[in-house]
Amino acid sequence: MSDKFFFKGRQDARQSHISYGYQTKASYKLGSKKHPLTLMVTSEARKLEVEALVAEARLYAEVSIDTNEGAVESISELTALLNKANTVQQEKTPERNDPCSCGSGNKYKKCCG
């Protein structure tokens with residue numbers, strides 16, 4: 001007889017997503033208590049300035065000082081968060097049967113629309 005008529009058991013269709021390298025919690029907010037920013041500055045005075053900026057923005061950061069010659073300041077994570085554009089909200093246009101915005105008391109379709 002042929003093998004195709006016998007039950008061989010269920011093949012596992014739900015393979016582990018971890019084996020493919022997918023990150024299940026890939027999105028996290030930088031600057032939170034759990035994921036603080038890592039910033040590098042070159043002087044103590046600059047560290048105080050950066051800490052003031054972080055406190056003003058209500059973020060969390062680990063600021064370290066690198067006093068070696070040729071050290072480069074890396075605060076790009078902070079500047080990206082501070083310069084993030086706000087959401088643009090457009091004013092809703094009135095529907096045909098809404099009261100007119102000019103204050104006449106008529107419907108929009110009869111007055112200004």
Side-chain angles (χ1 to χ4, degrees):
M1 286 201 114
S2 175
D3 286 343
K4 67 180 182 178
F5 295 113
F6 294 102
F7 178 69
K8 294 183 179 179
R10 177 175 177 227
Q11 293 182 3
D12 191 17
R14 295 176 286 165
Q15 297 175 353
S16 175
H17 59 277
I18 297 171
S19 65
Y20 293 109
Y22 297 123
Q23 296 177 353
T24 57
K25 296 182 181 179
S27 62
Y28 52 86
K29 184 178 177 187
L30 281 177
S32 62
K33 281 185 180 180
K34 193 171 186 179
H35 301 284
L37 300 170
T38 53
L39 308 173
M40 181 80 65
V41 293
T42 55
S43 67
E44 185 68 36
R46 184 68 176 143
K47 179 180 178 182
L48 295 175
E49 291 175 16
V50 170
E51 286 177 345
L53 286 172
V54 168
E56 183 180 323
R58 296 182 184 156
L59 298 172
Y60 295 92
E62 296 172 357
V63 183
S64 58
I65 301 173
D66 188 8
T67 57
N68 296 335
E69 242 181 80
V72 179
E73 189 173 87
S74 65
I75 58 167
S76 59
E77 295 174 344
L78 178 63
T79 55
L81 284 176
L82 293 178
N83 294 334
K84 190 167 72 170
N86 293 333
T87 305
V88 176
Q89 294 183 355
Q90 294 186 354
E91 195 172 311
K92 180 185 167 194
T93 58
E95 298 288 325
R96 286 177 47 95
N97 291 324
D98 288 342
C100 189
S101 59
C102 70
S104 65
N106 294 337
K107 291 183 179 181
Y108 180 73
K109 67 181 178 183
K110 297 272 187 179
C111 183
C112 297

Euclidean distance, E62 CD relative to M40 CE, rounded to 0.5 Å: 11.0 Å
NZ on K29 to CG on L59, rounded to 0.5 Å: 7.0 Å
Heavy-atom donor-acceptor pair, N83 side chain to T79 backbone, under 3.5 Å: yes
Closest approach of Y60 to K33 (non-hydrogen atoms, all atoms of both residues): OH-CE, 3.1 Å
Interatomic spacing from CG in L30 to NE2 in H35 - rounded to 0.5 Å: 8.0 Å
C112/S101 under side-chain contact (heavy atoms from CB on, under 4.5 Å): CA gap, chis, key distance, verdict: CA-CA 9 Å; C112 297; S101 59; 6.0 Å; no
From CG (L39) to CD1 (I65), nearest 0.5 Å: 12.0 Å
Greater than 12 external heavy atoms within 6.0 Å of K109's NZ: yes
Distance, nearest 0.5 Å, that separates NZ of K47 from OG1 of T42: 12.5 Å
Criterion side-chain contact (heavy atoms from CB on, under 4.5 Å) on R46 and E73, from CA distance to verdict: CA-CA 10 Å; R46 184 68 176 143; E73 189 173 87; 3.0 Å; yes
CG-OG distance between L81 and S76, expressed to the nearest 0.5 angstrom: 10.0 Å
The single option from L82, V41, V54, L37 passing side-chain contact (heavy atoms from CB on, under 4.5 Å) against I75: V41
Criterion side-chain contact (heavy atoms from CB on, under 4.5 Å) on T38 and E77, from CA distance to verdict: CA-CA 8 Å; T38 53; E77 295 174 344; 3.8 Å; yes
